[in-house]
Structure formats: structure tokens, C-alpha cells
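Read through the structure below, which is laid out as C-alpha cells, and then see the notes.
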Number of protein chains: 2
Amino acid sequence: MANRIEQLDGVFQALADPTRRAVVGRLGKGPASISDLAQPFDMALPSFMKHIGMLESSGLIRTQKTGRVRMCSIEKEGLRLVETWLSAQRALWEARTDRLEQFVTKSQRKGSSS
Amino acid sequence: MANRIEQLDGVFQALADPTRRAVVGRLGKGPASISDLAQPFDMALPSFMKHIGMLESSGLIRTQKTGRVRMCSIEKEGLRLVETWLSAQRALWEARTDRLEQFVTKSQRKGSSS
DNA sequence: TATTCGATTAGCCATAAGGCTAAGTATCAC
DNA sequence: GTGATACTTAGCCTTATGGCTAATCGAATA
């Protein structure tokens, strides 16, 4: 599973657009069809479809076509990747909070101000 | 604070690149100069500087020049934005886990894998 | 069966991203 | 004050992103 890292690229990239984050937010409340999802956005359908495509290929959502309707739902594992990465970062910087704290405390004794 | 949303664009965009995530990871362990940070990457300095620029303008890192050296450090508030957004999403989908669970279970019978 | 409706494909366009080289600026070390 | 060091600026290139229109395809429906 070395491609976890590459998948993170896609997930973050997908989340870097407000339309796509809104879609993720909407799908967080429950599945919806493409046109349901597209309706709030002032955008041509093909443009919107590109967003859906990026969300799906990044693994943030899942879609399935039934008849002529394509239903979309959230894929929890997508956001979980982000959570995992984020936890790792937090772990890093919290591991050195003590040292930093000491440094800052020392510095403030000499320089004061805020 | 309506621009929180726009700032999220930048933060996610910044994190969508492995070089930049690596820099964030490195800075999580402590501050470093530009050339220290650049050294592990096989990339011309100006290219690397663009990454630093994006990280800084997104609010993920802070930099400060002293003499001819520019020191970079992590800006915790940047990643905190992501954490906040992520919590909001989790809150959404956990509020309806039961219904989702049923839908997902059905859908997964047909597709998905890995 | 003819229409309409939901989605898709194909192509175009402008801008941004991510890389490069070459040349410039400002310290710092001699 | 010469030269090395650490960035910075300017400009170029290629590919990706995010938008559009027009035309197509396959269900559903009248």
C-alpha cells in the first residue's frame, strides 16, 4: 500500500475546491443523485461532472448508476486518510511542545512583549 | 470570518503536493531554513521556493528572514482549520450512521474492493 | 413510438501549477 | 572589497484545472 501517499495527493486536491467540499458536506447527510447534487450550483452539468469525477477517483465518494440516475454517497475511508495524516502531524509537533515551551519561556524572560 | 472557507481552499491545495506535505512534516519537528528544507528534494531552489510560497500564503507555515537566511516554522492554526472542517464532516455523517450503514452495505455488495 | 429527462462525451478556452535556467541582490567570511 | 552563500526575481515551458457549448446515449414516460 505504498500508494497511500499518492492517494493523499488526490484527496487533498479534491478537497481544495469549495464546490467539491460542499458536495462532500451534502453527501455527509446522505446519498444523492448527480442532478440533486448539482442543483445548488450555478454551473453547467458537464463542469459539475468533472468535480464528481475527481471526488470519485480520489476515493472521497462512491457512485453507482441505476437506470438513468447515478447515485453518489460518501466514502468514509477517503476522509479517514486525511484524519490519519493529520494525527501523524499533530503527534509530531506535540512531541516537541515541551522543548518549544521551554524555549519560548526562556525567550520571553529576556525579551518580554507579546 | 467569511474567508475561512477561502482559506481552506489554499490549505487543502497546499497539502495536495507531496513535497509540501513533507515540508510540513519536517517543520513539525522544528524550524528550519529554506536551504535545510530544500536539501532532501531533487529540485532547483526557485521551484522549491514556490512550494514555500504556497505554504506560507496558505497559512500553513510562517517564515522570517534574518540576515541572508530565511527560517520557516509551522503555523499550527493552518492545520487546525483542516481539523475543524474534518470534525464538522464527521459530525454530519455520524449523525446518520445507521441509515448510511444500511445503504453502504447494500451498495458494497456490488462494487468496491481493496 | 416519440419525447423528455438524466447523464455523458467531445472539444474548446483561459488560467494556474510545477518544473526549469539565468541572472540579480544582499549578507557574511576572508 | 572580493568572493562565496542564501535567497530572489524574471521569464519560459508543459500539463492540469475549471469552466463552457454542442451533440449524444439510454432510460422513462406520455
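The basis for the numbers below is simple: all heavy atoms, side chains too, and nothing from hydrogens, waters or symmetry mates. None of these values were measured; they are calculated from a predicted model. Quick note on labels: first sequence line is chain A, next is B, and so on, each numbered from 1.
- With rounding to whole Å, K50(A) atom NZ is found 13 Å from dT21(D) atom P.
- Between F12(A) and F12(B), the angle of the ring planes lies from 30° to 60°, which puts this pair in the tilted group.
- When the nucleotides dG18(D), dG6(C), dA10(D) are ranked by their closest atom to the side chain of V69(A), dG6(C) comes out on top.
- The CD1-P distance, from I34(B) to dT25(C), rounds to 20 Å in whole Å.
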- request: Show your working on side chain to side chain contact (heavy atoms under 4.5 Å, CB included) between Q7(B) and L81(B) and close with a plain yes or no.
  value: CA-CA 8 Å; Q7(B) 205 184 338; L81(B) 276 183; 3.5 Å; yes
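- Not one side-chain nitrogen or oxygen of K65(A) sits closer than 4.0 Å to the OP1 or OP2 atom of dG6(C).
- When the P atom of dA7(C) is taken as reference, atom CD1 of I52(A) falls 10 Å away, rounded to whole Å.
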message: Under the criterion side chain to side chain contact (heavy atoms under 4.5 Å, CB included), I'd like the reasoning laid out for M71(B) against T66(B): C-alpha separation, chi angles, the key distance, then a yes or no.
response: CA-CA 8 Å; M71(B) 289 298 282; T66(B) 307; 5.6 Å; no
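- Scanning both residues, L27(A) and A32(A), for their nearest heavy atoms gives CD2-N, 3.8 Å.
- The side chain of S47(B) contributes no N or O atom lying less than 4.0 Å from OP1 or OP2 of dG18(C).
- Minimum atom distance to the side chain of L45(A) is reached by dT8(C), of the listed dT8(D), dT8(C), dT17(D).
- Within the structure, every side-chain polar atom (N or O) of H51(B) is placed at least 4.0 Å from both OP1 and OP2 of dA17(C).
- For the pair Q64(A) CD and dT8(C) P, the interatomic distance rounds to 13 Å; values are reported in whole Å.
- Nucleic acid contact for T19(A): none, since no nucleic acid atom lies under 4.0 Å from a heavy atom of the residue.
- Atom-to-atom, CG of D9(B) to P of dA17(C) comes out at 11 Å; the value is rounded to the nearest Å.
- Distance R70(B) CZ to dT25(C) P: 17 Å, rounded to the nearest Å.
- Between Q13(A) and A44(A), the residue whose closest nucleotide on DNA chain D is further toward the 5' end is Q13(A).
- In this structure, the nucleotide among dA7(C), dT9(C), dG19(D) sitting nearest to the side chain of M43(A) is dG19(D).
- Proximity of S35(A) to the phosphate of dA7(C): a side-chain N or O atom is located under 4.0 Å from OP1 or OP2.
- What separates CE of M49(A) from P of dC25(D) is a distance of 16 Å, to the nearest Å.
- Rounding to whole angstrom units, CD of residue Q39(A) and P of dG6(C) are separated by 12 Å.
- To the nearest 0.5 Å, atoms CG (L60(A)) and CD (Q13(A)) are separated by 11.5 Å.
- Contact check, R20(B) against dG18(C): a side-chain N or O comes under 4.0 Å of OP1 or OP2.
- The base of dA6(D) does not come close enough to the side chain of R68(B) for any donor and acceptor atom to sit less than 3.5 Å apart.
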